[in-house]
Amino acid sequence: MKRNWSLKWSLPLGFGLAWLLVLGATLFNAIRSSDESLRDFARSTAAGYAADLARDAEQGWATAPSLVESNLALLATDPAVHSVVLLDASGRVLAAHRQAWVGRKIDEVWPGFDGAWVGEALSARLPRVRADATGLQVEAAQSFGLAPAGPGSEARGRGLAYVALDYSPARAERLQRLLEERAAEMIVIPLVLLVLGVVLWRGVGRPLERLAQAVRAVRQGRYDTRVPVDGLREIAELGDAFNAMAQAVEEAQAALKAKEDQLAITLDSIGDGLVATDAQGRITGVNPAARSLCGWDLAAAVGRPIEEVLVLVDGASGAPVAPPVYRAMREGRTVGLSNHVVLITADGQRRHVADSAAPIRDARGDVQGAVLVFRDVTEAYLMRKALADSEQHFRSLANAGLALIWTADAQGARDYFNEPWLAFTGQPFDAQRGDGWLQGMHPEDRLAWRAAFEAAARVQGDYRVEYRLRHADGDYRWVLEQARPRRDSDGLFIGYVGHCLDVTHEKAADAEIERLAYHDALTGLPNRVLFRDRLEQALAHVHRSGRHGAVLFLDLDQFKRINDVYGHSLGDVVLVEMAQRLRGLLREGDTVARLGGDEFVVLLGDLAGEAETAAAQAMNVAEKVRASIEQPVRHDGLSLTLATSIGVRLLSRDVEDIDDVMRTADMAMYRAKAEGRNRVAFFEAAMQASLVHRYELEQDLRAALGLGQFELWVQAQFEGGGKMSGAEALVRWRHPVRGLVSPAEFIPIAEETGLIVPLGARVLRSACEAIRALQGAGRSLRISVNVSARQFLEHDFIAQVREILEQSGADPSRLTLELTESVLIDSFDVVAGRMRELHALGIRFSLDDFGTGYSSLAYLKRLPLSELKIDRSFVRDVPADPEDAALVEGIIAVAHLLHLDVVAEGVETPEQQQFLRAAGCGSFQGFLLHRPQPIDDWLQGVFG
Ligand code: C2E
Ligand code: CA
Ligand code: CA
């Protein structure tokens, strides 16, 4: 930098110089004008003096020369006067400032006197004036008329007044005075300038210098440099502005630094290689990952063309591949490389890489270079290949054997079947994927399969299940499917993998083995082992359903004797025959087994829920068995009569232990033997008693019909408005000893014994006669008659009804037959057919005790019903029980849907009737409205 003048010097000096110039000029002017005036003054004074002297001399020299002389002396007192002389025309001194000169020739006393010049003035009227070069020494000469010297001298001559003035001393004096006037100024101004210099230095120069140093420091990177904020206001403001700027720069630098650091850390730490190039493709930077991937040193790589450092070839052909930076720069966008690119490292290694390049743009958007990012994918490449190889390996493994292999996802949808599977089923994969394969499973096995699968899937466990799978040839084959959870490499459950093996042959063999293991070789009946198994199942069913079961323990009386007398082979014949008879007697679901020797057991599975009814049912079967065994066995012309003692043990919820069941049934059997053989004994004493009671009742019941102990009662029915619409016929048994027996007690017995058939006919006849009587009286009331299942299914039931209607003359449309749902259960089609036939006659049908059975809507729709009777048990608890209330409302809604009348039975309270009426029920029957009474009493009342 060129060194300029410092402000502290240049400013005061400049001022000083200027001031000196001004000072000089003014002084010069002043002196010049003073000299001018002095010169003028000198000339005019000289001329004046000469003129005055000449006038004095012309007037007075002749008369009063002394006066002239004194005037001359006075003149000479002027300090500027150098010489004053009066001359006559000849040049003789008349008077002079020096007395010595008087009378003498001027040339003699003043050798240098210019007589010529003076002489010229003699002839001029006007004074002559001249000055020397300085103009300060001036001479003037004035001629005057001179009277003759003494009296009488007439000759008038001419004289000359001469004055010489010298103003040099006057000028020197003037100069001195001038300088004295300016003296103060010349002292003060330098002082002022000095002060100014100091002030400028402190207020401007020094702060500026500091600023300059600070700026230099900032430029050298010391961004924390600050200057003190002092000096003049503007300068202080400048300092302040500088500090602010420095702070901003410092912050910007810090931010930049942080960013750079961050970027550097990022670039250094990312695993991808990164190479930056300039616009010509020369490398400007590489990150450590790129360095280690290419094997190039940073220093060696920078500045080289990228293709020298990053040698890329096509993995398959080996042809060189240009790094994509050029294309990225040319096209101005990010471009990637194809997959099979191989990088040749500095030491010659080959690495599969995936890369992409993007252009770098400057702030104006011009492409400045490019950055290439690349990654070593050798491992991934090898892994992919290994994966493909491994998959191929497992695929061939999966297809190698006979196993039908599959996999399923977490929801159980199958997503893979091996080739043996596809060949086995003969179906394409797409048809079987997901749940499609289930189509090939035997429908009967699907439930069991699903149960096994779901149970396992819930706990993500194994399962094993057998089912039938349709083979490509159309037949089902038994397969054993074994599956285990499938997990991914993280151990997460992702579904199932399983295989099926064709076990059709094993299955057949198993069945044979099982048959042998669980059956008696002689009779083919289940053996003890199987029986116990079935008993266990039956007991479980009893516990679940609340219904009863029974075990009948049989021992053939006298069998030992047959064996002893006729030999074992005939004994075997007898046993086989007995087994056949037993089998023939039992329903499906019941089990008969041979325990060994002459011991048989019968298991009755599904008896009534009510103990007494169940006991009666068991008794019934036992009686039939007993009667059947009693029949003689004919063989080879022999007729052998046997008998059996039967012990019965009921199965109820109280029974837990099957050993106990067998033991107690056995005990009962011994009691039967002890009581005289060929009879039935119950283990339960109470059962025994009630059975006796029942037995007696049954005996009495058989006689009752002949003895006319049955009476017909009726209970009236009413419409919503209170109008009587008819009545239900209810039978009563007036027992000579027991009094009135409830139909609930004797009807089941009558049904079992078949007595219900003639009894029912009797009731129907009485009811029809009543209808006829009402018709005769002009009353169109209906009568409902309860018909038991047994009765309804009697082969000639329809003929019977026709006959009774005919004989009584009753209008069939006044007759309603009440059936319970139990009628429908066993033989729906037969029942429905009969109903339609009777309905064609005009007879109405009512479904009794509705709600207690299992009627489905579909069934109801197919029957010619006119009426539903809501069972008493539901009416009992409305409206208090919300569940029953909802049920009753539901029944009424269903009835309306099917266009059926609804009768509520057992209405005992106004609240019940109120509720039922609100729910839409149309007819009511119950103690609230009418208690059953003998039909004749009622008829009298009606006719009344
Ligand atoms: P069911 O057909 O449901 O008859 C209605 C039963 O409810 C009758 O009992 C009747 O007296 C009773 N009852 C009527 N209103 C009320 C009431 O407000 N409260 C109470 N607690 N009970 C009421 P019953 O007469 O003892 O008959 C019982 C069952 O015997 C009948 O039930 C029916 O299934 C059967 N039954 C009666 N007569 C015959 C018949 O001639 N033939 C057939 N096959 N069965 C009959
Ligand atoms: Ca009824
Ligand atoms: Ca009923």
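The analysis underlying the following values was restricted to heavy atoms, covering all of them including side chains, and did not include hydrogens, waters or symmetry mates. Ligands are counted one by one from 1 in listed order, and the atoms in each one are counted from 1 as well. All values reported here derive from a predicted model rather than from experimental measurement.
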Options P743, A729, S846, S873, ranked by nearest heavy atom to atom 26 (O) of ligand 1, top entry: P743

Minimum non-hydrogen distance to atom 6 (C) of ligand 1, winning option of R872, Q912, E905: R872

Do any heavy atoms of [X] fall under 4.0 Å from ligand 1?
{"X": "G906", "result": "yes"}
{"X": "R732", "result": "yes"}
{"X": "Q925", "result": "no"}
{"X": "E751", "result": "no"}

3.0 Å cut-off met by an N, O or S atom of S784 to the Ca ion (ligand 2): no

Metal check, the Ca ion (ligand 2) vs E818 N/O/S, cut-off below 3.0 Å: yes

Please state which part of [X] comes within less than 4.0 Å of ligand 1, counting heavy atoms only: side chain, backbone, both or neither.
{"X": "V731", "value": "both"}
{"X": "V785", "value": "neither"}
{"X": "D871", "value": "neither"}
{"X": "P932", "value": "side chain"}

Any side-chain donor near an acceptor of the partner, [X] and [Y], under 3.5 Å:
{"X": "S808", "Y": "R772", "answer": "no"}
{"X": "D557", "Y": "S645", "answer": "yes"}
{"X": "S846", "Y": "E867", "answer": "yes"}
{"X": "Q717", "Y": "Q925", "answer": "yes"}

R534 charged N/C atom sitting above F531 aromatic ring, 6.0 Å / 45°: no

Atom indices of ligand 1 within 4.0 angstrom of G926 heavy atoms, with elements: 15 (N), 18 (O)

Aromatic ring pairing W733/F746, orientation class (parallel under 30°, perpendicular over 60°, tilted between): perpendicular

F718 and H930 aromatic ring geometry - parallel, tilted or perpendicular at 30°/60° bounds: perpendicular

Metal-centred angle, OE2 of E728 through the Ca ion (ligand 2) to OD2 of D848, rounded to 10 degrees: 170°

Contact check: Q791 vs ligand 1, nitrogen or oxygen atoms, below 3.5 angstrom: no

With L651, the side-chain contact (heavy atoms from CB on, under 4.5 Å) member among I658, L604, L607, V542: V542

N786, L759, L815 screened by side-chain contact (heavy atoms from CB on, under 4.5 Å) with L764, the one that passes: L815

Lys/Arg-Asp/Glu bridge criterion (N-O < 4.0 Å) met for D660, R663: yes

